[in-house]
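Indexing begins at 1, ligand by ligand and atom by atom, following the structure's order. As a basis for the values below, the full set of heavy atoms in this structure was taken, side chains included, without hydrogen atoms, waters or symmetry mates.
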Amino acid sequence: MNPLHIEALESAGFAAFLLYLNDHLSDNGRDGTAYFQPLSRDDSRFPADKAEAFKTGMATEVGMTGWRRVWVARDGEGRIAGHIDLRAHAERYTGHRCLLGMGVDREHRKQGLGNRLIPHAAQWAQESAGLEWIDLQVLSVNAPAIKLYERNGFHKTGEIAAMFNIDGQDFAYTSMSKYLANAWPNR
Ligand SMILES: CC(C)(COP(=O)(O)OP(=O)(O)OC[C@H]1O[C@@H](n2cnc3c(N)ncnc32)[C@H](O)[C@@H]1OP(=O)(O)O)[C@@H](O)C(=O)NCCC(=O)NCCS
């Protein structure tokens, strides 16, 4: 049994969430953790302008430009152990799809939390938001994340070789998608 509790992040908890996120990002490409964000090791923190858009998105109605929803897993003392977020695509006419981002705190990895967070968000996407697809992009070097996504019904849709050059190294970028409804839409 995993004692962690998953709940929607409210805007009142946003400042604490940012502290968690910046700590999480500090693992990027360090101490045996694969690069998981297209950011240099020395620049692995959440930019202030993005933080503002992130918070605004949490209060934006689903279907409107820039919407975003976030869920966090908390331990018994309320500390954040992991998160997952779904957000709008930037392109128009993509209201039936969303983009996924997630992470699990270093102390809580490989204990099944990622495997709990994805179904939690996917259920909301399908049942509450009526979305049909979840898309994501992941650095191809991030084997733990790709394994987690495949395990949870994501399929690879493409890969761009050497999409990023970070800290003197080329990184390929993999796109994956998960279809949510039970049958292919009649389009
Ligand atoms: C990727 C990440 C979210 C996985 O979360 P997690 O809670 O550790 O994953 P789980 O314990 O639920 O494991 C899920 C599956 O992935 C596999 N997995 C997890 N970590 C792994 C690792 N380091 N190496 C190989 N496989 C791994 C597990 O074996 C499991 O597979 P199974 O269900 O077939 O047994 C976590 O490692 C992380 O936060 N990494 C840094 C941030 C990141 O990569 N975010 C995604 C960016 S796109």
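- The shortest contact between atom 5 (O) of ligand 1 and any protein heavy atom is with Val104 CG2, 3.7 Å.
- At a threshold of 4.5 Å between non-hydrogen side-chain atoms, the residues Arg68 and Thr60 do not count as touching.
- Within the 3.5 Å criterion, the main-chain N or O of Asn152 finds a donor-acceptor partner in the side chain of Lys178.
- Nearest protein heavy-atom neighbour of atom 28 (C) of ligand 1: Lys147 NZ, 4.3 Å.
- By the 3.5 Å distance cut-off applied to N or O atoms, Met102 is counted among the residues near ligand 1.
- Relative orientation of the Phe164 and Tyr173 rings is perpendicular, given thresholds of 30° and 60° on the angle between their planes.
- Among the atoms of Gly112, some N or O lies under 3.5 angstrom from an N or O of ligand 1.
- The protein non-hydrogen atom at the shortest distance from atom 4 (C) of ligand 1 is Leu148 CD2, 3.8 Å.
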Could you go through Tyr149 and Phe154, starting from their C-alpha distance and side-chain angles, then the distance that decides it, and tell me whether this counts as ring-ring contact (aromatic ring centres under 6.0 Å, His included)? CA-CA 5 Å; Tyr149 297 142; Phe154 283 83; 5.6 Å; yes

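- Among the atoms of Gly114, some N or O lies under 3.5 angstrom from an N or O of ligand 1.
- At a heavy-atom cutoff of 4.0 Å, ligand 1 is contacted by the side chain of Tyr149 but not by its backbone.
- Atom 41 (C) of ligand 1 has its closest protein heavy atom at Phe36 CD2, 3.6 Å.
- The shortest N or O to N or O distance between Arg151 and ligand 1 is below 3.5 Å.
- Taking a cutoff of 4.0 Å between a charged side-chain nitrogen and a carboxylate oxygen, Arg30 and Asp42 qualify as a salt bridge.
- Proximity to His24 (heavy-atom distance under 4.0 Å) selects the following atoms of ligand 1: 39 (O), 42 (C).
- Contact between Arg116 and ligand 1 is absent, with no heavy atom of the residue lying under 4.0 Å from the ligand.
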For ring-ring contact (aromatic ring centres under 6.0 Å, His included), just list the numbers for Phe17 and Phe54, CA-CA rounded to whole Å, side-chain angles, deciding distance to a tenth of an Å, and then say yes or no. CA-CA 11 Å; Phe17 176 71; Phe54 198 105; 5.7 Å; yes

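- Partner of His83 under the side-chain contact (heavy atoms from CB on, under 4.5 Å) criterion, out of Leu9, Leu117, Val72, Asp105: Val72 alone.
- Distances between N or O atoms of Gln111 and those of ligand 1 include at least one value under 3.5 Å.
- At a threshold of 4.5 Å between side-chain heavy atoms, the hydrophobic network of Ile, Leu, Val, Met, Phe, Trp and Tyr places Met58 and Leu18 in one connected group.
- Each of Asp135, Thr65, Thr94 was checked for a side chain to side chain donor-acceptor pair (under 3.5 Å) with His89, and the lone residue meeting it is Asp135.
- Taking all heavy atoms of Asn142, Ile146, Asn115 into account, the minimum distance to atom 12 (O) of ligand 1 is reached by Asn115.
- Looking at Asp167, its side chain does come within 3.5 Å of a backbone N or O of Arg41 through a donor-acceptor pair.
- Nearest protein neighbour of atom 40 (N) of ligand 1, counting heavy atoms only, is Arg109 NE, 3.7 Å.
- Close approach to Gly103 involves these atoms of ligand 1, each under 4.0 Å from a residue heavy atom: 39 (O).
- Of all the heavy atoms of Lys110, the ones lying under 4.0 Å from any atom of ligand 1 are found in both the backbone and the side chain.
- The aromatic rings of Phe36 and His24 lie tilted to each other, with the angle between the two planes from 30° to 60°.
- Counting heavy atoms only, Pro144 comes closest to atom 27 (C) of ligand 1 of the residues Pro144, Ala143, Ala145.
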